[in-house]
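Provided herewith is a single structure, encoded as structure tokens, for subsequent inquiry.
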Amino acid sequence: MALAFDEYGRPFIILREQEQKTRLRGLDAQKANISAGKAVARILRTSLGPKGMDKMLQSPDGEVTVTNDGATILEQMDVDNQIAKLMVELSQSQDYEIGDGTTGVVVLAGSLLEHAERLLERGIHPIRVAEGYEMASRIAFDHLQHISQKFEFGLDNIEPLVRTCMTTLSSKIVNRCKRDLAEIAVKAVLAVADLERKDVNLDLIKVEGKVGGKLEDTELVYGILIDKDMSHPQMPKRIEDAKIAILTCPFEPPKPKTKHKVDIDTVEKFQTLRLQEQKYFDDMVQQCKDVGATLVICQWGFDDEANHLLMHRNLPAVRWVGGVELELIAIATGGRIVPRFQELTPDKLGKAGIVREKSFGTTKDRMLYIEHCANSRAVTIFIRGGNKMMIEETKRSIHDALCVARNLIRNNSIVYGGGSAEISCSVAVEAAADKYPGVEQYAIRAFADALDSVPMALAENSGLQPIETLSAVKSQQIKENNPHCGIDCNDVGTNDMREQNVFETLIGKQQQILLATQVVKMILKIDDVISPSDF
Ligand code: ADP
């Protein structure tokens, strides 16, 4: 309430609408938060695994995305609840750190929340639940290390890497071509990897897509790809050992300034002007030829006369190349961007083994391949596909495969997939629970149950009976003392994931458990939610 005066000095009272706030405290707050988190996890649950469903999302401007990548689904969903946003961030941090397992991490977190809710209802304090979960996550983390296996590969033996990338791709739309795409991803990573330092700079791998062709036409280019063609159809389509002049100056005579006036009143004068213009072009071409350039790449266009002359003097050229691409070409070929013809020198030319123009099908679409560049190990993955949606989803799937290959180069330990690692951890955590005398043991057992949700979701999504399948696999693991038994999603006939070659990286799986536990602990510790009300 406030007292104010109008322009005549008369007092009046401003009654401010009472600020509306809703407030949830204690158990109610925790329950509301848990159900928000669970709702997000429920959406992703059906997308898990090789038989997982895809989601179709439409953005406000009408663009449609079809994907089953957890991080992408959540990123495109317009969630407005703060706790739901935490789950979105959970999936994104898994994507950022590891690049794969973004659906699994959310499913696990959702299940941890669900089991926590039951414990809260039984009167166990949230902090005790959080502590129990923390202990259990450490047990699971160590157990994963224990069941992990080293995974040998080399430059001449890339098969194991390819197999692992295939596991990642098998749950995506692109699984029809998973073998080819996995090979492309592994070769791309190995081309830019620093095996001594055990690191890979994924920025050196450019992923490009062009609508048209088939997914099978996707290829790996050892160099750069630009969406341009030679400026004249009669210029050579293939140049070997190219010396490239990279120019930001236009191929055109200087323009007269406005204050100058050119009077052309006779035919002779016109002829002289024309000859002079031609000489300008000629000099420019000569300057490029003098330093030894066999190809010019220009930021600007040039007119037909210059184009013709370039063709005539046998100097192939590419025009209208954007600034970013120009820079990339300069870096890759070890050349310098030259702003004036006078500054051209032989050492500023970029070098590439082959520059070739390729046309696609019967269309007039052409692209320029700059391969075997002097300086750089940069490679490009060029994706083809029937429509934009398909290309975008393939880009995301390739990204996951690239990340998996990179993770294996960083750390070559693996665990087996198909839920086998989760079941094995669940058994180990369950067994450890008995050693804790306090209330935490309930939480530790709940954690073990929550771990089962991943194999259950895999079974459910593959049309199997979740509970029966899980209990059969679990008892088989214990009886045979074999931590590699998982869910046979594709009905191959064996549930030994070692035989099926379904692997996942150890660091990826460990990260899933750590991140999911962290977020759930954070949600459990919130006991007061103050938010503006809707009206
Ligand atoms: P994420 O985004 O978490 O990687 P995916 O939809 O890719 O989710 O599913 C990954 C899960 O599917 C992992 O638990 C993995 O072990 C399992 N999986 C992948 N391929 C197979 C397969 N052929 N058989 C059984 N499980 C598989």
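These numbers come from the heavy atoms of this one structure, side chains and all, not from hydrogens, waters or symmetry mates. Order of appearance sets the numbers: ligands from 1, and atoms from 1 within every ligand.
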For ligand 1, which part of T102 has a heavy atom less than 4.0 Å away: the side chain, the backbone, both, or neither? both

Under a 4.0 Å threshold between the charged nitrogen and the carboxylate oxygen, would R384 count as salt-bridged to E216? no

Only heavy atoms count here, so choose which of G52, P455, G49 is nearest to atom 6 (O) of ligand 1.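 It is G49 that holds the nearest heavy atom.
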
So is E504 polar-close to ligand 1, meaning N/O to N/O under 3.5 Å? yes

Between K31 and E114, is there a salt bridge with N-O shorter than 4.0 Å?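 Salt bridge: no.
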
Can you find an N/O atom of L48 closer than 3.5 Å to an N/O atom of ligand 1?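 Between L48 and ligand 1 (N or O atoms, distance only) the closest approach is not under 3.5 Å.
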
Under 3.5 Å: N/O of D69 near N/O of ligand 1: no

Which residue, Q476, Q477, Q500, forms the side-chain hydrogen bond (donor to acceptor under 3.5 Å, both in side chains) with N495? Q476

Which is closest to atom 8 (O) of ligand 1 by heavy-atom distance: L458, T103, I98?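 Among L458, T103, I98, the closest heavy atom to atom 8 (O) of ligand 1 belongs to T103.
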
Residue, atom name and distance, where the atom is the protein heavy atom closest to atom 7 (O) of ligand 1: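 Looking at atom 7 (O) of ligand 1, the protein heavy atom closest to it is S171 OG, 2.6 Å.
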
K474 with D452: basic N within carboxylate O range, under 4.0 Å: yes

Closest protein heavy atom to atom 18 (N) of ligand 1, given as residue, atom name and distance to 0.1 Å: P50 CD, 3.6 Å

So does E131 pair up with K521, basic N to acidic O under 4.0 Å? no

Backbone of D491 reached by a side-chain donor or acceptor of D488 within 3.5 Å: yes

Say whether N490 and ligand 1 are in contact under the criterion: heavy-atom distance to a ligand atom below 4.0 Å.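 Flag set, N490 near ligand 1.
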
Between R445 and D434, is the closest basic N to carboxylate O distance under 4.0 Å?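 Between R445 and D434 there is a salt bridge, with a charged N closer than 4.0 Å to a carboxylate O.
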
Close-contact set for ligand 1 against S47 heavy atoms, below 4.0 Å: 6 (O)

Can you tell me if NZ on K85 sees more than 12 non-hydrogen neighbours from other groups inside 6.0 Å? yes

Quick one: which of G417, A71, S170, G418 has a heavy atom closest to atom 26 (N) of ligand 1? G418

For I487, atoms of ligand 1 separated by under 4.0 Å from a heavy atom: 25 (C)

Does a donor on one side chain sit under 3.5 Å from an acceptor on the other, for T67 and E393? yes

Atoms of ligand 1 close to G104 [distance to a heavy atom under 4.0 angstrom, numbered from 1]: 3 (O)

